[in-house]
Structures are given as structure tokens and as C-alpha cells.
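Written below as C-alpha cells is the structure these notes are about.
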Amino acid sequence: MISRYYKIAFALFALVSSVLISSHSMATKSDAYVIENPYAFVTASAQKNGAVFLKIKSTNEQDDKLIAASADVAERVELHTHIMEGDVMKMRKVEGYDLPAGEMVELKPMSHHIMLMGLENPLEEGSAFPLTLNFEHHAPVTVEVKVVSPASAMSGDHHHHHDHGAH
Ligand SMILES: [Cu+2]
């Protein structure tokens with residue numbers, strides 16, 4: 001009897017702590033994906049475009065593709081990437097990002113990003129807005145995008161995933 005209560009209490013504790021951990025790390029889970037740390041940089045009032053960055057971890061067995069995104073804060077949302085043309089870094093619209101089964105794809109500054117075209121209002125630090133991600137094979141996922149200043153995004157990034165090669 002006692003051990004049964006103990007097991008139930010432990011299960012509840014495990015459940016509550018897993019909920020707390022996932023909300024703390026700002027991850028949104030669907031049956032196919034974990035979306036981590038969606039953020040956008042603040043924009044000045046004259047700035048009509050903004051960019052969203054996030055990490056998409058595939059937790060399913062199927063290769064998929066992020067094919068579109070939508071948000072009410074902008075007239076239009078496009079998927080972009082940066083490419084080098086000679087010495088010049090340019091933004092390009094792309095049809096989507098491949099999401100290989102079980103892998104993580106990171107959208108980050110100077111690389112893949114979700115472009116908000118024609119912002120209705122400037123993005124203000126500390127605010128948040130919903131963004132919906134559409135996939136080729138899996139159900140759409142809506143995440144809450146946090147608006148941050150570039151400085152705080154840099155200082156908040158303590159994980160340096162640079163490839164230093166062999167030491
Ligand atoms: Cu762009």
C-alpha cells in the first residue's frame with residue numbers, strides 16, 4: 001500500500017518537473033518536433049522587416065521539410081537564407097528547409113531565418129507573438145516568439161557550437 005502511494009507520488013513529481021523544465025527552456029513540442037528558443041530582434045520604427053530564429057529538432061522517423069511560416073505581425077512571411085555572392089553576403093528566399101529525421105536544424109543570424117515582411121508595428125523588446133510553422137508531412141506547430149535585443153541574444157548564448165576541428 002505504502003509503496004503504491006509512493007509510486008504515484010513519484011510519478012506526479014516526475015510529471016510536474018518535466019513540465020517545469022520544458023517551460024523553462026522555452027521549448028514547444030509536437031508529436032514530431034521540439035521547437036526551441038524562438039526569438040526575433042527588436043526593430044526600429046522605420047524598419048519594415050524582421051527576422052525570426054529558432055531550433056527545430058526532429059523527433060520522428062521521417063525526413064520532412066519546413067515549407068512555410070505565418071504570423072499576424074507581418075503582411076507576409078518568407079523563408080530566407082544567406083549566401084555569399086563573390087564577397088557579398090545576400091539574403092535569398094528559399095522554398096523550405098530540409099528537416100532530416102532525428103536531426104536538429106538551427107535558424108540563426110547570417111544563415112537560415114524566417115523573414116517577417118511588412119511589419120504592422122515595430123517589434124518591441126520583451127514582447128512576444130505567435131508564429132506558425134508548416135511542414136510538408138507533419139501537423140503545423142505554433143510557437144511563441146520572444147522579441148529580444150541583439151545584445152541580450154548574444155550574451156544569453158553561452159553555448160558555442162563552433163566546430164573547432166581536431167585538437
Ligand atoms: Cu531575410
Side-chain angles (χ1 to χ4, degrees), residues 22 25-30 32-60 62-165:
S22 68
S25 65
M26 293 183 300
T28 303
K29 288 177 187 158
S30 73
Y33 293 102
V34 179
I35 317 290
E36 281 178 16
N37 194 28
Y39 69 97
F41 290 136
V42 287
T43 58
S45 51
Q47 219 176 317
K48 285 293 163 211
N49 302 332
V52 175
F53 312 101
L54 44 80
K55 290 177 188 168
I56 307 173
K57 183 161 195 328
S58 162
T59 56
N60 66 84
Q62 186 182 23
D63 288 346
D64 198 0
K65 202 167 176 177
L66 178 69
I67 50 168
S70 59
D72 288 341
V73 295
E75 272 171 36
R76 195 163 86 247
V77 180
E78 294 180 353
L79 305 179
H80 280 192
T81 195
H82 276 97
I83 54 155
M84 287 299 286
E85 253 187 26
D87 290 341
V88 187
M89 190 77 135
K90 287 190 170 171
M91 283 204 301
R92 273 292 146 81
K93 188 179 166 183
V94 293
E95 300 214 330
Y97 309 126
D98 288 331
L99 302 172
E103 289 185 23
M104 203 263 284
V105 170
E106 184 173 10
L107 278 57
K108 57 188 176 188
M110 307 315 281
S111 177
H112 294 337
H113 57 280
I114 296 169
M115 199 82 193
L116 306 169
M117 314 286 286
L119 289 169
E120 304 214 343
N121 295 296
L123 299 177
E124 286 179 22
E125 186 168 5
S127 67
F129 59 90
L131 175 92
T132 300
L133 304 170
N134 295 89
F135 303 95
E136 197 169 55
H137 297 297
H138 289 97
V141 182
T142 299
V143 297
E144 200 67 10
V145 179
K146 247 182 89 179
V147 180
V148 301
S149 72
S152 77
M154 299 304 166
S155 66
D157 181 17
H158 299 296
H159 316 280
H160 295 281
H161 297 292
H162 303 296
D163 182 9
H164 296 290

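We count ligands from 1, going down the list as the structure has it; atoms in each ligand are counted the same way. Values in this document were obtained by computation on a predicted structure and should not be read as measured data.
Residue side and main chain included, Met115 places an N/O/S atom under 2.8 Å of the Cu ion (ligand 1).
Centred on the Cu ion (ligand 1), the angle running from Met91 (SD) to His113 (NE2) is recorded as 100°, rounding to 10°.
Here the side chain of Asn60 pairs a donor or acceptor atom with the backbone of Gln62 at under 3.5 angstrom. With hydrogens and angles disregarded, a donor-acceptor distance shorter than 3.5 Å links the side chain of His113 to the backbone of Ser111. Formation of a donor-acceptor pair under 3.5 Å by the Asn134 side chain with backbone atoms of Pro140 is not found in this model.
His80 contributes ND1 as its N, O or S atom closest to the Cu ion (ligand 1).
Classification of the Tyr97-His112 ring pair by plane angle, with boundaries at 30° and 60°, yields parallel.
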